[in-house]
Amino acid sequence: MRRKKKILKLMALLLVAMGIASGINSVTASAETPYLTYTVDGYGRTEETQTGYLAQETIIKFGNQFLNGANDMCVTDDGKIYVADTGSGRVLVGTTDGKLVTTFGKGILKKPMGIFVTKNKHVYVADHDAGTVFEFDENGSVVNKYGKPDNPLYGEDIPFQPQKVIVNKAGMMFVVCKSNTNGIVEISPAEGGTFLGYYGTNFASVNLQQIIYRAIMTDEQRSKMVSNMPSTPDNLAIDDKGLIYTVTRGEKDATVKKLNIAGKNMLQSGTEGIYDDAPAAVAVGNHDNIYVVSAKGYIYEYNDQGEPLYIFGAADDGTQRVGLSTQITSIQVGKDDSIYVLDADKNQIQVYRPSEFTQKLHNALNLYSQGKYTESRKPLTEVLKMNSMFDYANKAMGRAYYQESNYDQALHYARLAKDWSGYSDAFWEIRNQWLKNNIVTALLVIVGLWILWMVLRKLDQKKGIFNGVRKGVGKLKENRLLSNIMYSGYYMKHPIDGAYGIAREGRASWSAPSIILLIFTLEYVINKYLCGFLQKTVRDGRYDILSDVGTVVIVMVALTACNYLVCTINEGEGTIKKIYTYFAYSLLPYVMLTPVNFLLSHVLTMNEEFLITLVNVIIYAWILILAVLGIKEVNNYTAKETTKIILLTIFTILIVSLLVFIIYVLWAQVFEFISAVFGEVVYRLGY
């Protein structure tokens with residue numbers, strides 16, 4: 001019996017040992033991923049969403065051949081992984097399940113940094129130290145070598161240190177070379193390698209400050225400045241259509257580029273996409289989607305327009321969990337949408353599998369890209385059932401309905417997704433249809449109203465039918481409050497004469513300006529929260545009315561008080577009541593024209609928004625003119641003195657704001673100290 005127990009125990013130990021041994025090749029991730037997955041909503045904010053990809057396994061070797069400082073890899077459609085094994089100076093070929101296929105290049109390659117495999121299984125390797133791009137056949141034999149281009153256009157003093165390489169269907173090579181700021185080196189295989197020029201060159205950024213500095217500096221000073229050179233691309237990829245994708249550090253919105261044959265970026269400039277500051281590699285998916293990975297392990301997925309779908313992954317925090325990385329150098333996508341990420345520091349390849357949620361999303365993307373809009377709505381509906389707040393799915397649904405000419409549904413989903421462009425297009429179609437159906441009726445109503453007005457005008461001239469109305473208006477004008485309110489209109493049209501009335505004819509008051517300010521505040525709040533969707537600058541359902549009202553009041557109080565202090569010191573004639581009056585009356589253009597903008601915001605599309613912008617320019621320019629003339633005329637200043645007073649007022653407001661902030665911080669610390677002392681006392685008394 002004891003012997004039997006020993007045998008069973010030995011068998012159990014053997015099984016455990018076999019499990020550990022098999023785990024050396026690949027490690028299966030737990031059900032709970034060690035990172036969060038985010039998406040970007042219509043407001044451009046990152047929001048947590050369902051897990052898009054599951055970290056499944058880690059490959060650290062093929063057969064008995066371990067990775068050694070690998071810098072690049074290429075995954076082919078037949079499930080093979082070609083690795084530029086930099087530390088060992090070779091190419092390592094294995095399968096996605098960790099089996100070794102072959103190795104080659106030993107003794108030929110010095111420091112292979114980049115690798116690319118063509119459809120006919122020719123392998124191109126960018127060797128940094130050898131200064132050569134090697135072409136191997138599928139058996140690992142050298143077919144061609146491409147060294148530094150012998151062409152004056154390349155640059156005699158520029159070294160040829162290839163780091164990454166891709167090849168199009170015509171055999172043209174595109175090579176990223178270290179520190180070559182001219183762009184990607186394009187080489188034809190003809191005649192042993194012909195230099196065709198530079199491709200996809202980044203632009204050097206120059207700001208106004210640099211331009212001014214360089215203009216006033218001497219030649220000697222300029223020579224000591226850091227030269228403003230364009231950035232060298234960090235990595236690149238190519239899709240089946242021949243479009244080339246590049247990533248470059250520090251290029252902000254141009255971090256990721258999708259280049260056509262002319263080298264022009266096809267991605268949206270200033271897109272709502274979120275790009276990493278330190279991208280390491282880029283890959284193209286099976287649905288025209290784009291993958292970018294940062295050096296620290298964050299993976300970004302975009303659609304073909306550069307709109308973000310997912311952000312996931314994370315840097316390793318020392319726990320060595322599957323899915324966490326330390327120094328990423330390459331990313332590839334398999335035929336089954338699996339993502340392979342090469343970590344040069346850990347000498348391993350992380351494998352991520354798409355979740356059910358992502359598979360449905362990719363299915364919808366694939367159908368939509370093929371023009372099958374109706375078919376794409378089914379997987380999109382399933383995605384939205386799983387997460388109704390996934391804005392990209394709402395956006396794609398709206399676009400699908402738009403292609404089907406179902407503009408009402410397109411408008412609905414565009415609003416859910418905060419897709420301003422899609423909303424504008426759908427609204428234009430709805431408005432166009434309404435105009436076609438109602439234009440005749442609308443014209444008849446306008447003509448009828450005009451005829452009615454002309455008839456009433458004639459009757460008034462002959463029989464005075466509006467005499468009673470005129471008398472009533474005349475009596476209202478005799479009311480002091482209403483008279484002052486109406487005087488604000490006179491001030492708006494004739495600011496110099498109006499300012500004279502405020503200064504010397506008793507037109508200054510507290511009540512009338514306060515009513516104007518109240519109307520201004522109401523219009524400001526209404527326009528902010530209830531204007532048309534395309535003009536709205538706040539999130540739907542978010543209201544902060546008390547803060548808005550408080551801001552208006554504080555600004556008016558600060559402006560009035562600071563201007564009064566400055567004017568008093570500089571012998572101005574305006575009292576605080578007069579100053580408050582002309583500042584409040586200066587707001588009347590906003591009061592009169594904002595309703596126009598409010599109505600326009602509900603009927604105009606994005607292509608017509610310039611009308612609203614024009615009205616806003618008129619409003620704020622008019623307000624500024626009225627305020628400046630009020631300061632000048634009421635205080636009896638010259639133009640030079642007025643400019644001085646305005647600058648001093650602005651400076652005073654800034655100083656007061658700074659003092660208020662300092663006092664607030666000090667009181668917050670005092671309150672925190674008192675709370676801590678009180679808490680300590682309560683704690684001690686409790687014993």
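All figures in this text were calculated on a predicted structure; none of them were measured in a lab. The chain is numbered in sequence order, starting from 1.
Remark: aromatic rings of Y373 and Y368 are close, center separation under 6.0 Å. Between Y275 and Y302, the ring centre distance stays below 6.0 Å.
Judged purely by atom type and a 3.5 angstrom limit, Q350 uses its side chain to pair as donor or acceptor with the backbone of G323. Under the 3.5 Å distance criterion, the side-chain polar atoms of T39 are matched with a main-chain donor or acceptor of L309. Here the side chain of S355 pairs a donor or acceptor atom with the backbone of T51 at under 3.5 angstrom. Remark: the backbone N or O of M389 is not paired with any side-chain donor or acceptor of N394 at under 3.5 angstrom. Checked by atom type and distance alone, the side chain of K106 pairs as donor or acceptor with a backbone atom of S88 at under 3.5 Å. Side chain of N286 to main chain of G334: a donor-acceptor pair is present (N/O by atom type, distance under 3.5 Å, no hydrogens or angles). The backbone N or O of V247 sits nowhere less than 3.5 Å from a side-chain atom of N235 that would complete a donor-acceptor pair. Judged by distance alone, with hydrogens and angles left aside, the side-chain atoms of T86 form no donor-acceptor pair with the main-chain N or O of M113 at under 3.5 Å. Side-chain N or O atoms of D391 include one that pairs as donor or acceptor with a backbone N or O of G42 at under 3.5 Å.
Between T319 and P34, the closest side-chain pair of non-hydrogen atoms is not below 4.5 Å. Between L411 and Y423 there is a side-chain heavy-atom pair separated by less than 4.5 Å. N347 is not listed as a side-chain neighbour of F66, based on a closest heavy-atom distance of 4.5 Å or more. Residues T96 and Y340 have side chains in contact (heavy-atom distance under 4.5 Å, counting atoms from C-beta outward). Within the 4.5 Å cutoff, the side chain of Y198 has heavy atoms near those of the N180 side chain. V133 has its side chain within reach of F160: a pair of non-hydrogen atoms, C-beta onward, lies under 4.5 Å apart. At least one side-chain heavy atom of S424 sits under 4.5 Å from a side-chain heavy atom of L534. Residues R399 and D419 have side chains in contact (heavy-atom distance under 4.5 Å, counting atoms from C-beta outward).
For the pair K119 and D77, the salt-bridge criterion is met [side-chain N within less than 4.0 Å of a carboxylate O]. Ion pair K241/D288 flagged as a salt bridge, since at least one NZ, NE, NH1 or NH2 atom sits closer than 4.0 Å to an Asp/Glu carboxylate oxygen. We find that K418 and E47 are not joined by a salt bridge, their nearest charged nitrogen and carboxylate oxygen being 4.0 Å or further apart.
Every side-chain contact (heavy atoms from CB on, under 4.5 Å) that T326 has, sequence neighbours left out, goes to D316, D343, D345, K346.
Ring geometry for F390 versus Y310: interplanar angle of 30 to 60°, hence tilted. Y43 and W420 have perpendicular rings, their planes meeting at more than 60° on a 0 to 90° scale where under 30° would count as parallel. The aromatic rings of Y154 and F195 sit perpendicular, their planes meeting at an angle over 60°, well past the 30° parallel limit. Classification of the Y401-Y413 ring pair by plane angle, with boundaries at 30° and 60°, yields parallel.
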Could you go through the side-chain contact (heavy atoms from CB on, under 4.5 Å) check for E429 and D425 one step at a time? CA-CA 7 Å; E429 296 289 351; D425 292 340; 5.9 Å; no

One pair to check against side chain to side chain donor-acceptor pair (under 3.5 Å): D276 and Y300. What are the steps and the verdict? CA-CA 8 Å; D276 198 281; Y300 301 75; 2.7 Å; yes

Using side chain to side chain donor-acceptor pair (under 3.5 Å), reason through T329 and N71 one step at a time and then give a plain yes or no. CA-CA 6 Å; T329 56; N71 262 280; 4.7 Å; no

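Taking NE2 of H362 as the reference point, atom CD of Q359 lies at 9.0 Å (rounded to 0.5 Å).
Between the side chains of K257 and N202, at least one donor N or O lies within less than 3.5 Å of an accepting N or O. Between the side chains of R377 and Q409, not a single donor N or O lies within less than 3.5 Å of an accepting N or O. Using modelled atom types, one finds a donor on one side chain and an acceptor on the other under 3.5 Å when comparing H287 with D337. In the model, E404 has a side-chain atom that pairs as donor or acceptor with a side-chain atom of T374 under 3.5 Å.
Remark: of the listed residues T358, T37, N289, N289 is the sole one forming a side-chain hydrogen bond (donor to acceptor under 3.5 Å, both in side chains) with E301.
Heavy atoms from other residues, nucleotides or ligands lying under 6.0 Å from CG of D336 number more than 12. Counting heavy-atom neighbours within 6.0 Å of L100 CG, excluding the residue itself, gives a total above 12. Around NZ of K110, the count of heavy atoms belonging to other residues, nucleotides or ligands within 6.0 Å does not exceed 12.
Considering every non-hydrogen atom in both A283 and I331, the closest pair reads CB-O, 3.4 Å. The minimum heavy-atom distance between Y124 and Y146, with the atom names listed, is CE2-CE1, 4.4 Å. Here the closest non-hydrogen pair linking V256 and N265 is O-ND2, 4.2 Å. Smallest separation of non-hydrogen atoms from L259 and G200: CD1-CA, 3.8 Å. Taking each heavy atom of L67 and V83 in turn, the nearest pair found is CD2-CG1, 4.2 Å.
Identified under the salt bridge (charged side-chain N to carboxylate O under 4.0 Å, His left out) test for residues 121-148, with sequence neighbours left out: D78-K121.
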